[in-house]
There are 2 protein chains.
Amino acid sequence: MKAARQLAKRAWRERGRSFLAEGPQAVGEALRRSGVLTELFLTPQGAQRYPDVLEQAAGQGIPVHMVSGEVMAGLAQTVTPQGLVGVCGFIDVPLGELTSSGPRLVAVLANVRDPGNAGTVLRTADAAGADGVVFSAASVDPYNSKAVRSSAGSLFHLPVVVGAPLEEAIAALRGTGLQVLAADGSAGQLLGDPGGPDLARPTAWLFGNEAWGLPSDLLRLADEVMAVPIYGKAESLNLAAAAAVCLYAAARAMRS
Amino acid sequence: MKAARQLAKRAWRERGRSFLAEGPQAVGEALRRSGVLTELFLTPQGAQRYPDVLEQAAGQGIPVHMVSGEVMAGLAQTVTPQGLVGVCGFIDVPLGELTSSGPRLVAVLANVRDPGNAGTVLRTADAAGADGVVFSAASVDPYNSKAVRSSAGSLFHLPVVVGAPLEEAIAALRGTGLQVLAADGSAGQLLGDPGGPDLARPTAWLFGNEAWGLPSDLLRLADEVMAVPIYGKAESLNLAAAAAVCLYAAARAMRS
């Protein structure tokens with residue numbers, strides 16, 4: 001219990017290389033990947049409501065602990081864990097595993113700080129058919145409970161690289177033949193304009209911080225810097241919205 | 001003070017037809033529209049950091065109240081109001097004002113409950129050059145402080161209709177020549193597929209609830225129901241991400 005509760009903190013997650021999956025969706029996804037779920041905490045209500053989860057966990061020989069709603073509330077970071085929380089082993093992969101898989105679409109998150117944004121970009125990258133997501137060393141931890149929840153299961157769906165030095169990650173991705181496109185609202189080149197880079201080519205999209213975008217030393221790492229056009233009066237797009245437009249533009253071009 | 005603090009609650013906002021704009025961006029946008037800001041609360045630090053805001057407010061004859069950081073913390077709903085909070089009069093417009101303006105791109109939010117999502121869709125609609133956003137009667141209040149903050153100023157940029165009965169709003173928009181496209185993840189027709197509706201036509205996009213999408217009685221109101229394609233393993237896209245892809249697809253088609 002105490003060990004599980006400590007997983008709310010990044011340092012403890014990294015020490016135990018474990019994180020919490022909260023709620024039926026995340027726990028269900030964890031169960032689908034053999035060896036990931038190592039412990040399951042349930043309230044009686046959770047057990048009643050999700051008997052299939054309980055059965056699968058028991059069937060895989062995973063230790064199951066029945067706890068009160070009060071104990072569950074102390075364990076879970078989300079407001080509505082719906083009566084079940086699982087302890088999972090880290091599932092990120094080394095950079096080399098991603099690059100050697102022949103990826104065609106990758107999202108790279110540089111200095112993204114908001115866990116909700118990070119999880120949403122992960123979910124969007126998954127939806128857009130990306131082959132992997134790289135979280136730079138300075139980005140939020142994708143195992144943060146809010147990030148896990150915002151990813152809506154996508155953390156379990158595609159290869160995620162955590163804590164990669166950005167220069168190294170970008171060089172490795174370029175080395176496998178990907179063009180590197182940085183999304184930056186201040187760029188002169190607009191997404192979709194004629195004469196821009198060929199989005200049908202294998203691409204790594206580089207996304208920056210919610211507030212201050214990408215600093216010039218990171219922009220230099222990209223082959224091209226592109227902005228999602230602003231047609232109205234908004235100063236900028238929210239990071240997750242900009243990422244959705246960029247990733248889908250690439251996904252669409254690769255399939256047409 | 002007490003009156004301002006009560007604006008945290010929707011019922012009080014509606015009674016006084018006033019809401020709170022928190023932080024320099026929202027207050028600055030309010031100041032740009034004459035007659036919108038009716039009172040300004042500042043901490044000494046806020047006054048020092050944003051002297052232009054203080055000067056403009058005073059120049060417009062708006063009552064300015066200096067308050068302590070503690071009082072400010074009790075007033076503001078956001079974690080970091082950065083020392084200034086303004087009281088603003090409602091700025092939504094009647095449905096007829098939007099429809100008579102000859103709109104070409106409109107976002108309609110049906111049953112959207114999360115204020116952060118609602119504000120983000122408003123910001124994205126603004127960025128995509130939409131001519132207005134309609135919040136249905138069952139949707140979250142766009143004057144909610146989280147919605148205002150997530151809109152990042154866009155609440156002040158484009159006509160917003162609040163509390164419109166959905167059937168009426170859709171009929172009125174169609175009456176002005178807009179096609180009505182519903183975004184729904186379960187639709188068979190995929191955005192971008194050949195043979196779909198002409199996105200260069202004036203369009204009202206209908207977006208549903210975060211969790212359960214659009215019920216069948218609302219889907220029937222649309223001319224076409226379309227899904228953003230899911231190329232990976234994600235079950236669905238987050239509402240704001242889906243809205244970004246749909247609104248930008250239309251914005252792009254209208255300009256090409």
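Labels below follow one simple rule: chain letters A, B, ... track the order of the sequence lines, proteins then strands, and each chain is numbered from 1.
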Which bit of [X] is near chain A, if near means a heavy-atom gap under 4.5 Å: side chain, backbone, both or neither?
X         : value
Pro229(B) : both
Ala241(B) : both
Leu247(B) : neither

For this session: Go through the atoms of Leu191(A) and report whether side chain, backbone, both or neither lie under 4.5 Å from a heavy atom of chain B.
Result: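 Only the backbone of Leu191(A) comes within 4.5 Å of chain B.
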Exercise. Pick from Ala125(B), Gly129(B), Gly116(B), Ala251(B): which one has the most heavy-atom pairs with chain A under 4.5 Å?
Worked result: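 Ranked by contacts with chain A, first place is Gly129(B).
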Considering only heavy atoms from C-beta outward, does the side chain of [X] approach that of [Y] to under 4.5 Å?
X         : Y         : answer
Val106(B) : Leu178(B) : yes
Val85(A)  : Met72(A)  : yes
Phe135(B) : Val160(B) : yes
Val161(A) : Val93(A)  : yes
Val134(B) : Leu109(B) : no

For this session: Decide yes or no on side-chain contact (heavy atoms from CB on, under 4.5 Å) for Val133(B) and Val121(B), but give the supporting numbers first.
Result: CA-CA 9 Å; Val133(B) 175; Val121(B) 174; 5.7 Å; no
Exercise. For Cys88(B), which of Val148(B), Leu40(B), Leu155(B), Leu37(B) qualifies under side chain to side chain contact (heavy atoms under 4.5 Å, CB included)?
Worked result: Leu37(B)
Exercise. Which residue, Val225(A), Leu199(A), Val108(A), forms the side chain to side chain contact (heavy atoms under 4.5 Å, CB included) with Leu181(A)?
Worked result: Leu199(A)
Exercise. So which of Gly192(A), Ala240(A), Ala243(A) has the biggest tally of heavy-atom pairs under 4.5 Å with chain B?
Worked result: Gly192(A)
Problem set entry | Pick from Ile230(A), Leu237(A), Val245(A) with the largest number of heavy-atom pairs that fall under 4.5 Å of chain B | Leu237(A)
For this session: Search all heavy atoms of Leu206(B) against all heavy atoms of Ala110(B) and return the closest pair with its distance.
Result: CD1-CB, 4.0 Å
Cross-chain donor-acceptor list, chain A and chain B, 3.5 Å limit, no angles:
{"from": "Arg123(A)", "atom 1": "NE", "to": "Ser236(B)", "atom 2": "O", "distance (Å)": "3.1"}
{"from": "Arg123(A)", "atom 1": "NH2", "to": "Ser236(B)", "atom 2": "OG", "distance (Å)": "2.8"}
{"from": "Arg123(A)", "atom 1": "NH2", "to": "Leu237(B)", "atom 2": "O", "distance (Å)": "3.3"}
{"from": "Asp126(A)", "atom 1": "O", "to": "Gly232(B)", "atom 2": "N", "distance (Å)": "3.3"}
{"from": "Asp126(A)", "atom 1": "OD1", "to": "Lys233(B)", "atom 2": "N", "distance (Å)": "2.9"}
{"from": "Asp126(A)", "atom 1": "OD1", "to": "Ala234(B)", "atom 2": "N", "distance (Å)": "3.3"}
{"from": "Asp126(A)", "atom 1": "OD2", "to": "Ala234(B)", "atom 2": "N", "distance (Å)": "3.0"}
{"from": "Ala127(A)", "atom 1": "O", "to": "Tyr231(B)", "atom 2": "N", "distance (Å)": "2.6"}
{"from": "Ala127(A)", "atom 1": "O", "to": "Gly232(B)", "atom 2": "N", "distance (Å)": "3.3"}
{"from": "His157(A)", "atom 1": "O", "to": "Lys233(B)", "atom 2": "NZ", "distance (Å)": "3.1"}
{"from": "Leu191(A)", "atom 1": "O", "to": "Arg252(B)", "atom 2": "NH2", "distance (Å)": "2.7"}
{"from": "Pro229(A)", "atom 1": "O", "to": "Tyr248(B)", "atom 2": "OH", "distance (Å)": "2.6"}
{"from": "Tyr231(A)", "atom 1": "N", "to": "Ala127(B)", "atom 2": "O", "distance (Å)": "2.6"}
{"from": "Tyr231(A)", "atom 1": "OH", "to": "Arg252(B)", "atom 2": "NH2", "distance (Å)": "3.2"}
{"from": "Gly232(A)", "atom 1": "N", "to": "Asp126(B)", "atom 2": "O", "distance (Å)": "3.3"}
{"from": "Gly232(A)", "atom 1": "N", "to": "Ala127(B)", "atom 2": "O", "distance (Å)": "3.3"}
{"from": "Lys233(A)", "atom 1": "N", "to": "Asp126(B)", "atom 2": "OD1", "distance (Å)": "2.9"}
{"from": "Lys233(A)", "atom 1": "NZ", "to": "His157(B)", "atom 2": "O", "distance (Å)": "3.1"}
{"from": "Ala234(A)", "atom 1": "N", "to": "Asp126(B)", "atom 2": "OD1", "distance (Å)": "3.3"}
{"from": "Ala234(A)", "atom 1": "N", "to": "Asp126(B)", "atom 2": "OD2", "distance (Å)": "3.0"}
{"from": "Ser236(A)", "atom 1": "O", "to": "Arg123(B)", "atom 2": "NE", "distance (Å)": "3.1"}
{"from": "Ser236(A)", "atom 1": "OG", "to": "Arg123(B)", "atom 2": "NH2", "distance (Å)": "2.8"}
{"from": "Leu237(A)", "atom 1": "O", "to": "Arg123(B)", "atom 2": "NH2", "distance (Å)": "3.3"}
{"from": "Tyr248(A)", "atom 1": "OH", "to": "Pro229(B)", "atom 2": "O", "distance (Å)": "2.6"}
{"from": "Arg252(A)", "atom 1": "NH2", "to": "Leu191(B)", "atom 2": "O", "distance (Å)": "2.6"}
{"from": "Arg252(A)", "atom 1": "NH2", "to": "Tyr231(B)", "atom 2": "OH", "distance (Å)": "3.2"}

